[in-house]
Amino acid sequence: GPARLAGMIARALGEARLASGDRDGALDAFLAARDADVAAASRAAGDASDAKRVKFDVDRIGFVADERLLARDWTGALAALDRATPVAPEQNWLDLVRAAALMFLDRTTEAEAVLARHRGETTVAGTPWEGEVLASLARLRQKGLIHPFMTEIEARFAPAR
């Protein structure tokens, strides 16, 4: 239907904008794709492919948020995530980006609460949440993004000896 087509076009536009470095334009396009795919899913009464497209759109919004995080745009990363609205529990990875952005804004109590919320869960890769938190911090360090609170998080999420 028209909503599905609109989602497809918006998604393609988002990818093109992302490729050209236009994060804001990409975010707008992926949000439009998500909204169109949500509309298509509600009309199709549970078509699994529509639900998959919505999930993919949310992942792309999360990717833009992550790009903003790596570009040191902490507020922009949070703004993108606030509009993403995960649709599946395994999209908990979006909260890794959220916690990092909060940490770099020195909102460490909030960052810790976001990370603690998912203890015991697994990620989309099927890995334990705690390991994913540590891997996320290692990736940030590798990119030169360092905050004193990282050491505290690493201590709290380190595997028990």
task: Using the side-chain contact (heavy atoms from CB on, under 4.5 Å) rule, take Asp24 and Arg68 through it: C-alpha gap first, then chi angles, then the decisive distance, then the call.
output: CA-CA 9 Å; Asp24 294 339; Arg68 286 178 167 185; 2.3 Å; yes
query: Charged N to carboxylate O below 4.0 Å: is that the case for Arg98 and Asp82?
result: yes
Within one Ile-Leu-Val-Met-Phe-Trp-Tyr cluster: Ile61 and Leu94, side-chain cutoff 4.5 Å: no
query: Using 4.0 Å as the upper bound for N to carboxylate O, is an ion pair formed by Asp95 and Arg117?
result: yes
query: Has the side chain of Glu132 got a donor or acceptor atom that lies under 3.5 Å from a matching backbone atom of Trp93?
result: no
statement: Nearest heavy-atom approach of Ala111 to Ala99 is CB-O, 3.3 Å
task: Write down the atom of Leu96, the atom of Ser136, and the distance for their closest heavy-atom approach.
output: CB-OG, 4.1 Å
Same apolar cluster (I L V M F W Y, side chains within < 4.5 Å links), Phe56/Val38: no
task: For Gln91 and Lys55, indicate whether the former's side chain and the latter's backbone hold a donor-acceptor pair under 3.5 Å.
output: yes
Ion pair check, Arg11 and Asp37, cut-off under 4.0 Å: yes
message: Check whether Phe30 forms a cation-pi arrangement with Arg17 (NZ or CZ under 6.0 Å from the six-membered ring centre, at most 45° off the ring normal).
response: no
- prompt: So Lys52 and Asp57, side-chain contact (heavy atoms from CB on, under 4.5 Å) or not? Walk me through it.
  reply: CA-CA 9 Å; Lys52 275 193 184 111; Asp57 297 334; over 6 Å; no
- request: Report the C-alpha separation of Thr108 and Leu102 in whole Å, then their side-chain angles, then the decisive distance to 0.1 Å, and conclude whether the side-chain contact (heavy atoms from CB on, under 4.5 Å) test is met.
  value: CA-CA 6 Å; Thr108 53; Leu102 288 167; over 6 Å; no
field: same_hphob_cluster(Leu78, Val133) at 4.5 Å side-chain heavy-atom cutoff
entry: yes
message: If hydrophobic clusters are built by linking Ile, Leu, Val, Met, Phe, Trp and Tyr wherever their side-chain heavy atoms come under 4.5 Å apart, do Phe157 and Phe104 end up in the same one?
response: yes
message: A side-chain contact here means heavy atoms from C-beta on lying under 4.5 Å apart; do Leu5 and Ile9 qualify?
response: yes
Taking every non-hydrogen atom, the tightest pair across Gly14 and Ala26: O-CB, 3.6 Å
- request: Indicate yes or no for a side-chain donor-acceptor contact from Arg34 to the backbone of Arg83 under 3.5 Å, with no hydrogens or angles considered.
  value: yes
Residue pair Ala33 / Ala10: nearest heavy atoms and the distance that separates them: N-CB, 3.6 Å
Thr123 and Trp129: CA distance, side-chain angles, deciding distance, side-chain contact (heavy atoms from CB on, under 4.5 Å) verdict: CA-CA 6 Å; Thr123 63; Trp129 175 255; 4.1 Å; yes
- request: Would you check if Arg53 and Met8 make a side-chain contact, meaning some heavy-atom pair closer than 4.5 Å?
  value: no
message: I'd like to know if Leu13 and Phe63 are part of one continuous hydrophobic network [Ile/Leu/Val/Met/Phe/Trp/Tyr, side-chain heavy atoms within less than 4.5 Å].
response: no
Show which side-chain atoms of residues 137-148 pair as donor or acceptor with protein atoms under 3.5 Å away, not counting sequence neighbours.
{"residue": "Arg139", "atom": "NH1", "partner": "Asp66", "partner atom": "OD2", "Å": "3.0"}
{"residue": "Arg139", "atom": "NH2", "partner": "Asp66", "partner atom": "OD1", "Å": "2.6"}
{"residue": "Arg139", "atom": "NH2", "partner": "Asp66", "partner atom": "OD2", "Å": "3.4"}
{"residue": "Arg141", "atom": "NE", "partner": "Glu154", "partner atom": "OE2", "Å": "3.2"}
{"residue": "Arg141", "atom": "NH2", "partner": "Glu154", "partner atom": "OE1", "Å": "2.8"}
{"residue": "Arg141", "atom": "NH2", "partner": "Glu154", "partner atom": "OE2", "Å": "3.2"}
{"residue": "His147", "atom": "ND1", "partner": "Phe149", "partner atom": "N", "Å": "3.0"}
{"residue": "His147", "atom": "NE2", "partner": "Met103", "partner atom": "O", "Å": "3.1"}
{"residue": "His147", "atom": "NE2", "partner": "Asp106", "partner atom": "OD1", "Å": "2.6"}

message: Can you confirm whether Pro159 sits close enough to Leu134 that some side-chain heavy atom of one is under 4.5 Å from a side-chain heavy atom of the other?
response: yes
